[in-house]
Structures are given as structure tokens and as C-alpha cells.
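Shown next, in C-alpha cells, is the structure this report addresses.
Side chains are part of it too, since the values below use all heavy atoms of this structure and drop only hydrogens, waters and symmetry mates. Order of the sequence lines fixes the chain letters, A, B, ..., with proteins taken first and strands second; residue numbering starts at 1 for each chain.
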2 protein chains.
Amino acid sequence: MLQLTKRTEYGLIALLHLANSEGRVVPVREIGERFPLPKRVLAESLKDLGRAGIVESQRGAAGGYWLARGAGQITLGEVISALEGAPTLTSCQDLGASNARGQCEVQPVCPIRSPLTRLRQGIWALLEGTTLRSLANPSLTPADLLAAAGSPLSSPLGDQPAA
Amino acid sequence: MLQLTKRTEYGLIALLHLANSEGRVVPVREIGERFPLPKRVLAESLKDLGRAGIVESQRGAAGGYWLARGAGQITLGEVISALEGAPTLTSCQDLGASNARGQCEVQPVCPIRSPLTRLRQGIWALLEGTTLRSLANPSLTPADLLAAAGSPLSSPLGDQPAA
DNA sequence: GGCAATTGGCACCAAATGGGTGCTAATTGG
DNA sequence: CCAATTAGCACCCATTTGGTGCCAATTGCC
Ligand code: SF4
Ligand code: SF4
């Protein structure tokens with residue numbers, strides 16, 4: 001399915017809240033109070049984001065989370081990769097870790113593998129070209145996104161922001 | 001997950017084969033002989049594509065399938081919509097049929113709903129800008145796809161049969 | 001020190017989704 | 001009539017997803 005998971009949505013909401021609270025240490029409880037979503041799952045998302053180096057955290061009584069970088073340095077692609085794995089479009093094009101668990105039988109003669117890889121790179125360009133900051137900017141149109149993603153056309157994921 | 005279903009992949013493979021066999025009536029058996037994929041599932045995909053008006057069919061002994069239109073008139077977005085539903089990115093932005101089954105509690109205060117809708121339109125533009133013909137053209141780069149999708153920027157889906 | 005608030009880690013469960021199969025009817029050329 | 005083919009629908013099983021339980025570790029504050 002071409003749809004984000006709830007964990008990713010929750011993580012994005014949390015990140016935007018952190019972006020609006022720069023300079024502070026924000027506990028999960030606070031985010032849960034502002035948005036009616038299951039606090040525990042939200043905590044799971046933040047933990048994953050922490051492991052991925054997108055947020056940093058502080059334990060203890062006055063602990064919480066904050067963005068590890070500026071909101072303009074965190075891309076959507078990075079967040080999605082951390083929370084639900086990088087978008088793959090096809091199941092064969094994973095090459096992350098689970099490519100050894102039995103390859104697709106069609107692969108040697110598959111006519112769509114290569115074309116869909118190109119398409120996936122287009123989507124990646126979109127996701128890598130969108131940062132938390134540009135996400136929060138409501139003036140950008142889809143056409144702007146396409147144009148912005150089209151110009152740098154950076155590395156096919158794995159690299160840092162181009163903005 | 002941001003990944004196509006197997007049914008969609010099989011359907012696309014079948015469609016490309018049909019595109020290479022224009023003027024003929026192709027039975028499912030023939031496609032199954034050329035590509036090592038479960039014939040039954042392939043048949044399911046073709047049936048769905050038939051219901052969506054993307055392919056036409058003929059029953060009986062010399063029956064089979066053929067493209068309802070030219071390969072340049074069939075878009076990826078249309079195929080995906082027929083085989084696994086239109087890409088939604090978020091679960092709330094479905095508005096197809098299952099929007100009455102309990103809305104998301106966060107929606108009234110959700111900070112990512114509108115931004116992700118813009119993003120989704122960008123992805124849709126990519127998918128609607130890619131036809132079977134351009135899919136089969138290996139010379140197009142991701143940048144070309146983005147550029148091609150950016151210029152027409154047609155309707156955000158919805159003017160298609162989709163039912 | 002002790003307590004409460006907080007993150008970290010792991011296992012687990014229930015529902016939804018996805019991949020695939022069985023079976024049978026309807027159509028049609030020979 | 002027969003064989004090949006599409007059409008329809010129900011069903012099963014594995015994986016994924018959304019969500020919870022439980023407890024350990026850390027840390028500010030009294
Ligand atoms: S080889 Fe082709 S059919 Fe197999 S997973 Fe890749 S794209 Fe899909
Ligand atoms: S309202 Fe927000 S949290 Fe709810 S489904 Fe839509 S995007 Fe996700």
C-alpha cells in the first residue's frame with residue numbers, strides 16, 4: 001500500500017511540535033496532551049527517532065526530547081526511513097537487509113524492475129527535498145515541491161539534506 | 001508502507017506484455033509462460049484491470065485480454081488505483097469510500113494533514129505523468145520524470161473512473 | 001537517601017492487510 | 001459436446017501494523 005504508517009504520522013507530528021519548541025526539552029507527556037494520540041505509541045516513535053539520530057533525549061525527571069538538528073536539516077525521507085524503513089516501491093529493491101531472504105523469481109526477466117527503480121528515485125527526490133521546515137510552510141504548492149526536488153536531485157537516499 | 005503490492009507488480013508486467021502484443025488477443029496462460037509468477041494471482045490482477053476499464057477481454061476458447069487504450073494513454077496512477085486503491089499517504093485522506101468508518105481523532109488539530117496532502121499531490125503528479133509507454137522507455141531519468149510530471153500537473157486524480 | 005518523572009528495551013497480543021488457492025459458473029471457438 | 005478461457009466469490013495462512021504490559025535505568029528535587 002502506498003501509505004505511511006501511523007507510527008510515522010505520530011513521529012512527524014511530534015517532530016513538528018519539537019520544531020516549534022526549539023531550545024526546550026519536551027517530554028512525551030506534553031505532546032500527548034496537545035494531540036489526542038496514544039502516548040505509548042508516540043513514545044515508541046520518539047525512541048526510534050532517537051536511535052536514528054534525528055532527535056536527542058535526556059532521561060530523568062526533567063528529561064525529554066529535542067531535535068538533534070535544525071528543522072531545515074531534517075528531511076522527510078530520513079524520518080520515514082527511521083520509522084518504517086526506506087520507501088522501496090517494489091519488494092526486490094530493498095537491498096537494505098532483507099535481500100537475502102529469497103529473491104523474487106521474476107527478477108531475471110522482470111520488465112518493470114528497472115523502470116520502477118527510476119520512479120522510486122523520483123519519489124525519493126521528493127521526500128529528500130522536503131524538510132521539516134518546508135513541511136510546515138503552507139505556501140509551497142506541489143509544483144514547488146516538484147521543482148525544488150528536481151533541481152538538486154541529490155544522492156538516492158543515504159545522504160543529508162540538500163537544503 | 002511505501003511499497004506496491006505484488007498484485008500491482010504482476011498487473012504492470014502483464015500490461016507491458018500486452019503493450020508489446022498490440023493487435024492480438026493474449027490469454028493469461030501466455031503471460032504465465034513468459035514470466036514465472038503465480039498464474040492465478042495474475043488472473044486476479046487482469047480481472048481487476050478489466051473492471052477498471054484499462055483492459056478489455058474476450059471469453060471463450062480463443063479469448064484473452066488486450067489494452068483498452070494505447071500504451072501512451074494509460075497512466076501508472078490509474079493502474080495503481082485499480083489494483084490497490086489510490087495512494088493516500090495518510091489514512092485520513094482517503095475520501096474514496098472508507099472515510100465514514102471512524103475519523104482520525106487528531107484531525108481537527110493535526111499539523112501534518114494539509115502538508116502531506118500537498119506531498120501526496122506531488123506523488124500523484126509523478127504517477128499520473130508516467131504512462132505505460134514512458135515506463136517502458138529506459139532513457140528517461142528520474143529528473144526527466146520529475147520535469148515531465150511538473151509541467152502538466154494535471155488534476156489531482158479523481159476525474160478517472162476510479163470505481 | 002528516597003521519590004517521582006522520565007526515557008529505554010523487550011515481549012506480547014489483536015486486528016488489518018497481503019499473497020495465494022479452491023471451486024464453480026459463464027462464454028465461445030472448433 | 002468439448003476444451004479453453006474469463007468471471008466471481010469465498011477462503012486460508014503469513015506478514016504487517018497498531019497498540020499494550022512490564023520493568024529497568026536515569027535524573028532532578030525534596
Ligand atoms: S523482480 Fe519484478 S516482480 Fe520481482 S519484486 Fe522486483 S519488480 Fe517485483
Ligand atoms: S488527521 Fe493527521 S494523524 Fe490523523 S490520519 Fe490524518 S494525517 Fe494522520
For the base of [N], is there a side-chain donor-acceptor partner from [X] under 3.5 Å away?
{"X": "A/K47", "N": "C/dG9", "result": "yes"}
{"X": "A/R59", "N": "C/dG8", "result": "no"}
{"X": "A/R7", "N": "D/dG19", "result": "yes"}

Whole-Å distance between [N] [atom2] and [X] [atom1]?
{"X": "B/E33", "N": "D/dT5", "atom1": "CD", "atom2": "P", "value": "9 Å"}
{"X": "A/Q3", "N": "C/dA16", "atom1": "CD", "atom2": "P", "value": "14 Å"}
{"X": "B/L18", "N": "D/dT6", "atom1": "CG", "atom2": "C1'", "value": "14 Å"}
{"X": "B/R40", "N": "D/dT5", "atom1": "CZ", "atom2": "P", "value": "15 Å"}

Between [X] and [N], does any side-chain N or O lie under 4.0 Å from OP1 or OP2?
{"X": "A/Y10", "N": "D/dG18", "answer": "no"}
{"X": "A/R51", "N": "C/dG9", "answer": "yes"}
{"X": "B/R29", "N": "D/dT5", "answer": "yes"}
{"X": "A/Y65", "N": "C/dT6", "answer": "no"}

Check against side chain to side chain donor-acceptor pair (under 3.5 Å), B/S114 and B/T117: CA-CA 5 Å; B/S114 162; B/T117 299; 5.9 Å; no
Distance-only side-chain donor-acceptor flag, A/E78 / A/S81, under 3.5 Å: no
Side-chain ion pair, A/K6 and A/E84, N-O less than 4.0 Å: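 No, this pair does not count.
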NZ/NE/NH1/NH2 to OD/OE distance under 4.0 Å, B/R24 and B/E30: yes
So if I take every side-chain heavy atom of [X] and compare against [options], which nucleotide ends up nearest?
{"X": "B/A61", "options": "D/dT27, D/dA3, C/dT21", "answer": "D/dA3"}
{"X": "A/S57", "options": "C/dG8, D/dT6, D/dT27", "answer": "C/dG8"}
{"X": "A/V41", "options": "C/dT21, D/dG19, C/dG19", "answer": "D/dG19"}

Sugar-phosphate only, base, or nothing, as touched by A/G50 at under 4.0 Å among non-hydrogen atoms: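 A/G50: no heavy atom of the nucleic acid under 4.0 Å.
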Touch class at under 4.0 angstrom, heavy-atom based, for A/Q58 against every strand present: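 Sugar-phosphate, backbone atoms only, no base.
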5'-most by nearest nucleotide on DNA chain D - B/E44 or A/G60: B/E44
A/L67, A/V55, A/I31 screened by side-chain contact (heavy atoms from CB on, under 4.5 Å) with A/V26, the one that passes: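 So the option named by the test is A/I31.
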